[in-house]
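One structure is given here, and the rest of the page talks about it.
Below, read A as the first sequence line, B as the second, and so on, with proteins coming before strands; counting in each chain starts at 1. Because the structure is a prediction, the values reported are computed rather than measured.
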Protein chains: 2
Amino acid sequence: MKLEVLTKSENKEVQKEIISKIRDLIDFKNLEPGDKLPSERMLSEKFGVSRSNLREAIQRLEFYGLLKSRPQSGTFIADIGPIAMKGMLKDILELETPDFKSLVETRILLELKTCRLAALRRTEEDLEHMKKALDAFSAKVNNGEDAVQEDLLFHLSIAKASGNSSMNTFMLIITPEIITNFEKYHVCDVNRAALGIQEHNDIFEAIKKQDPKLAKEKMKVHFKMLYQYCYNIE
Amino acid sequence: MKLEVLTKSENKEVQKEIISKIRDLIDFKNLEPGDKLPSERMLSEKFGVSRSNLREAIQRLEFYGLLKSRPQSGTFIADIGPIAMKGMLKDILELETPDFKSLVETRILLELKTCRLAALRRTEEDLEHMKKALDAFSAKVNNGEDAVQEDLLFHLSIAKASGNSSMNTFMLIITPEIITNFEKYHVCDVNRAALGIQEHNDIFEAIKKQDPKLAKEKMKVHFKMLYQYCYNIE
DNA sequence: CAAACCAAACTGGTTAACCAATTTAGCGAA
DNA sequence: TTCGCTAAATTGGTTAACCAGTTTGGTTTG
């Protein structure tokens, strides 16, 4: 008999099942902030899953700030009341992987903000960083080469200059997904790229002269085509 | 001789070192999309770290979409060119954990958008979900009890109704951090909570009548105090 | 000579054994 | 009875062994 191997998506489902079982446990035992969960060994046996799978699920819930595990001590409920815990677990379990439209929508939202913040907070070092990325982009485009990577790096340099590491993180998360989709669907063409140089320059200058309103305006212009695309794909 | 145990932050530093070593390897070997990395065993030996630590680092880079690992085959460079790869690795290594101000700033940005989107896209099911959360909040407040959890769940129900799973995910990530800080610094007091009922109601009604502009306006009102707080803590 | 094939080595994933710090329970002295 | 101390059990984390596909190189066969 051949043993069936689990695909990645199936494995993710397994993790969701474990999380829902943890939720049931928390619910049934009325666990409150600071309370200790049973040990990993015990839970893995009780749930009929491997300890490593269980650990992954716990680490996922740690990522969302719902659990805290202390070495040689145990895993504990974080400082979140039972009601919020239950609601958040429900939301996490119902989360679906973002579609392309959601990603683009979120990117636009984030970038219109990061460029404003960058205009307000950019340091001289940030400016240098952005200028470098800008020049690299222009050079590639003027050479007739594909410059998706350089485009991306310029936008990430703005995110960094925003001084908001939370938005910076989110930009880093969604960006790769977006550029692979861009390349797949050929959203950017070569003619656009030439226009892009001017648009990038405008954004850079606005940030340089610390004019947040203008920076946002120029970013909006830059996103005009993307914006239309985003609202036409469905 | 006593063996020094690694704290969590030190462990994170170890992971960063591994990632920087992976970056050096990619750089030195000029690895391009589709190229295979050396095996985990080989790398862990070469870097002088445990395989599990190395695996964690690889999984982190998988999370950011830079690497892809296939079972029984190997770990590969994702569809991201060398320039973007190098730039993103640099950004990831320089990422710092978000401070409270960044979190609040990001939350405000996200929620002003999610409530607009919710007004445009909410289903009847979403409305029910929101109404439930709203009633639970009101009940708690009218009882003179602390209602931070219910407040949180109402806002998350809006994020869900926005139909943008990317923003929904981000809200889930930053929310727990925020509420623990709120409780720590006592941002919310009881008098505010009573006012909060009316404000929540206004937001809900605006979303119900599918008026995105009004929804955003009411959310802004709701955030007024938070907004001031956010820009006064530094 | 080329294509089909087979076995050995290699790979990421999984499981089980191990470790050191922590907690706990029990014993003993005051 | 109470406080202090020690040793054993428990814990999350780590390391090493194992597994089942995949790849690869050489051999065989038509």
Between protein and nucleotides 5-11 of chain C, what N or O pairs are separated by less than 3.5 Å?
residue	atom	partner	partner atom	Å
C:dT11	OP2	B:S39	OG	3.4

- Do any N or O atoms from the side chain of A:K16 and from the backbone of A:L93 form a donor-acceptor pair under 3.5 angstrom? yes
- Query: Ignoring hydrogens and geometry, is there a side-chain-to-backbone donor-acceptor pair from A:E150 to A:F137 under 3.5 Å?
  - Reply: no
- Message: Side chain of A:R51 only, heavy atoms from C-beta on: which candidate in C:dT14, D:dT15, D:dT14 is closest?
- Response: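 Closest nucleotide among those given: D:dT14.
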- Query: Which of residues 17-31 of chain A have a heavy atom under 4.0 Å from DNA chain C?
  - Reply: none
What is the distance, rounded to the nearest whole Å, between atom [atom1] of [X] and atom [atom2] of [N]?
X	N	atom1	atom2	result
A:I58	D:dG12	CD1	C1'	9 Å
A:K68	D:dG12	NZ	C1'	16 Å
A:L37	C:dT23	CG	C1'	17 Å
A:R55	D:dT11	CZ	P	14 Å
A:Q59	D:dT14	CD	C1'	13 Å
B:L54	D:dT14	CG	P	14 Å
A:E45	D:dG12	CD	C1'	17 Å

List for me each residue that meets salt bridge (Lys or Arg N to Asp or Glu O under 4.0 Å) alongside [X], sequence neighbours excluded, and say none if there are none.
X	value
B:K29	none
B:K132	none
B:K21	none

- Message: Considering only residues two or more places apart or on different chains, which pairs with a residue in residues 149-176 of chain A satisfy ring pair (Phe, Tyr, Trp, His ring centres under 6.0 Å)?
- Response: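 Counting only pairs at least two positions apart or across chains, the ring pair (Phe, Tyr, Trp, His ring centres under 6.0 Å) contacts touching residues 149-176 of chain A are A:F154-A:H200, A:H155-A:H200, A:H155-A:H222, A:F170-B:F170.
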- Taking only the side-chain nitrogens and oxygens of B:S69, find out if one of them lies under 4.0 Å from OP1 or OP2 of C:dG13.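 For C:dG13, OP1 or OP2 has a side-chain N or O of B:S69 closer than 4.0 Å.
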- Note on the structure: Residues passing the side chain to side chain donor-acceptor pair (under 3.5 Å) test with A:K131, sequence neighbours excluded, are A:D135
- Task: Enumerate the residue pairs fulfilling salt bridge (charged side-chain N to carboxylate O under 4.0 Å, His left out) with a member in residues 38-50 of chain B, sequence neighbours excluded, ordered by first and then second residue.
- Result: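 The answer is B:E40-B:R51, B:E40-B:R55.
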Pairs under 3.5 angstrom only: tabulate donor-acceptor contacts from the side chains of residues 161-169 of chain A to other protein residues two or more places apart or in another chain.
residue	atom	partner	partner atom	Å
A:S162	OG	A:A159	O	2.6
A:S162	OG	A:N164	N	3.2
A:N164	OD1	A:S166	N	3.0
A:N164	OD1	A:M167	N	2.9
A:N164	OD1	B:T106	OG1	3.4
A:N164	ND2	B:S102	O	3.2
A:N164	ND2	B:E105	OE1	2.7
A:S165	OG	B:E96	O	3.3
A:S166	OG	B:T106	OG1	3.2
A:T169	OG1	A:S165	O	2.7

